[in-house]
A.B. asks: 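Structure incoming, see below.
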Amino acid sequence: MPSTNVKAISESTREKLKLAVGHLETFLNQYALPQLTSEDQGSDSELFYKGLLADLRHMLVFSEVAYEKLGVALRRPNFDTDFAERGLYDVYHQCVNAFFYPKNECYSEDGRYAYTGQDAIRFRKKPIRAARDIVLTVSKIFEELRDDLSYYESDYMTQRRMQGQK
């Protein structure tokens, strides 16, 4: 991939990560387990929200680290394409995958809804509005990142391996 393309993708990815970090930080600073479970008295709500909060915290940390790494790449006097591409690869495999494949499986993506204009995210249990809103808000950002960085899903490593064999 040409370095000008990599630089532009790095800049737009960094901006999207900044948005996601802002939304996640705001939610996590405003809500704690007791608040979420007091609003939702349903059965197994504590277990559900513990898992959701853990997944959101992981996503926040991965996104912050990737944001900083891309910032380093973009601030260097000579843009290092290899370093930036490694950062973009990490965004895909850590941030995007952390969102779409959450460890605690409090929600999942249902591809059947992806092209209907409806939300493709399905929750294991009906969450309170604030929890639902944060997941749906960042889902749009991570969907864009997944589309933008699809090259880094598998093609990037395949190309790197082929370069190593030469």
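As the structure is a prediction and not an experimental result, all values here were calculated from the model. Because only heavy atoms are used, hydrogens play no part in the values below, and waters and symmetry mates are left out as well, while side chains stay in.
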A.B. asks: Can you list every ring pair (Phe, Tyr, Trp, His ring centres under 6.0 Å) pair that touches residues 15-35, not counting sequence neighbours?
C.D. replies: F27-Y31

A.B. asks: With a 4.5 Å cut-off on side-chain heavy atoms, are L145 and T13 touching?
C.D. replies: yes

A.B. asks: How long is the gap from OG on S108 to OH on Y101, to the nearest 0.5 Å?
C.D. replies: 10.5 Å

A.B. asks: Over all heavy atoms of both residues, which pair between D110 and R122 is shortest? Give the atoms and the distance, please.
C.D. replies: CB-CG, 3.8 Å

A.B. asks: Report yes if the side chains of L36 and L53 come closer than 4.5 Å at any heavy-atom pair, otherwise no.
C.D. replies: yes

A.B. asks: Considering all heavy atoms of both residues, which atom of E85 and which atom of Y152 are nearest to each other, and what is their separation?
C.D. replies: OE2-OH, 3.1 Å

A.B. asks: Specify the closest pair of heavy atoms between A84 and F79, including all atoms of both residues, with the distance to one decimal.
C.D. replies: CB-CZ, 3.4 Å

A.B. asks: I'd like to know whether CD of E105 has more than 12 heavy-atom contacts from other residues, nucleotides or ligands below 6.0 angstrom.
C.D. replies: no

A.B. asks: Could you pull out the closest heavy-atom pair between F48 and P127, with the gap in Å?
C.D. replies: CE2-CB, 3.9 Å

A.B. asks: With ring centroids as reference points, do F142 and F99 lie under 6.0 angstrom apart?
C.D. replies: yes

A.B. asks: Does the side chain of Y49 come within less than 4.5 Å of C106's, by heavy atoms?
C.D. replies: no

A.B. asks: Out of curiosity, E144 CD to L19 CG, how far, rounded to the nearest 0.5 Å?
C.D. replies: 9.0 Å

A.B. asks: Hey, any chance L60 and I141 share a hydrophobic cluster, counting ILVMFWY side chains that come within less than 4.5 Å of each other, even indirectly?
C.D. replies: yes

A.B. asks: Run the salt-bridge test on K50 and E46 with the 4.0 Å N-O cut-off and return the result as yes or no.
C.D. replies: yes

A.B. asks: With side chains defined as the heavy atoms from C-beta onward, is the minimum distance between E25 and E64 less than 4.5 Å?
C.D. replies: yes

A.B. asks: Does NZ belonging to K140 count more than 12 external heavy atoms closer than 6.0 Å?
C.D. replies: yes

A.B. asks: Would you mind listing the cluster partners of V72? Hydrophobic ones only (ILVMFWY), side-chain contacts under 4.5 Å, chaining allowed.
C.D. replies: F83

A.B. asks: List the atom of L24, the atom of I134, and the distance in Å for their closest heavy-atom pair.
C.D. replies: N-CD1, 4.0 Å

A.B. asks: Are any side-chain N or O atoms of E11 and backbone N or O atoms of L74, one a donor and one an acceptor, separated by less than 3.5 Å?
C.D. replies: no

A.B. asks: Does any part of the side chain of F62, heavy atoms only, come nearer than 4.5 Å to the side chain of D90, both counted from C-beta?
C.D. replies: no

A.B. asks: Check whether any side-chain heavy atom of L47 lies under 4.5 Å from a side-chain heavy atom of N104, and answer yes or no.
C.D. replies: no

A.B. asks: Going from NE2 on H58 to NZ on K103, what distance comes out if it is rounded to the nearest 0.5 angstrom?
C.D. replies: 5.5 Å

A.B. asks: Run the salt-bridge test on D82 and R86 with the 4.0 Å N-O cut-off and return the result as yes or no.
C.D. replies: no

A.B. asks: Does any part of the side chain of Y92, heavy atoms only, come nearer than 4.5 Å to the side chain of R146, both counted from C-beta?
C.D. replies: yes

A.B. asks: Is there a path of hydrophobic side-chain contacts, each under 4.5 Å between heavy atoms, that joins M59 and V61?
C.D. replies: no

A.B. asks: V65 and L28: same hydrophobic cluster, using ILVMFWY side-chain contacts below 4.5 Å?
C.D. replies: no

A.B. asks: Hey, could you give me the OH/CD1 distance between Y151 and I9, rounded to the nearest 0.5 Å?
C.D. replies: 9.5 Å

A.B. asks: With heavy-atom distances below 4.5 Å as the criterion, would you say the side chains of R14 and S10 are in contact?
C.D. replies: no

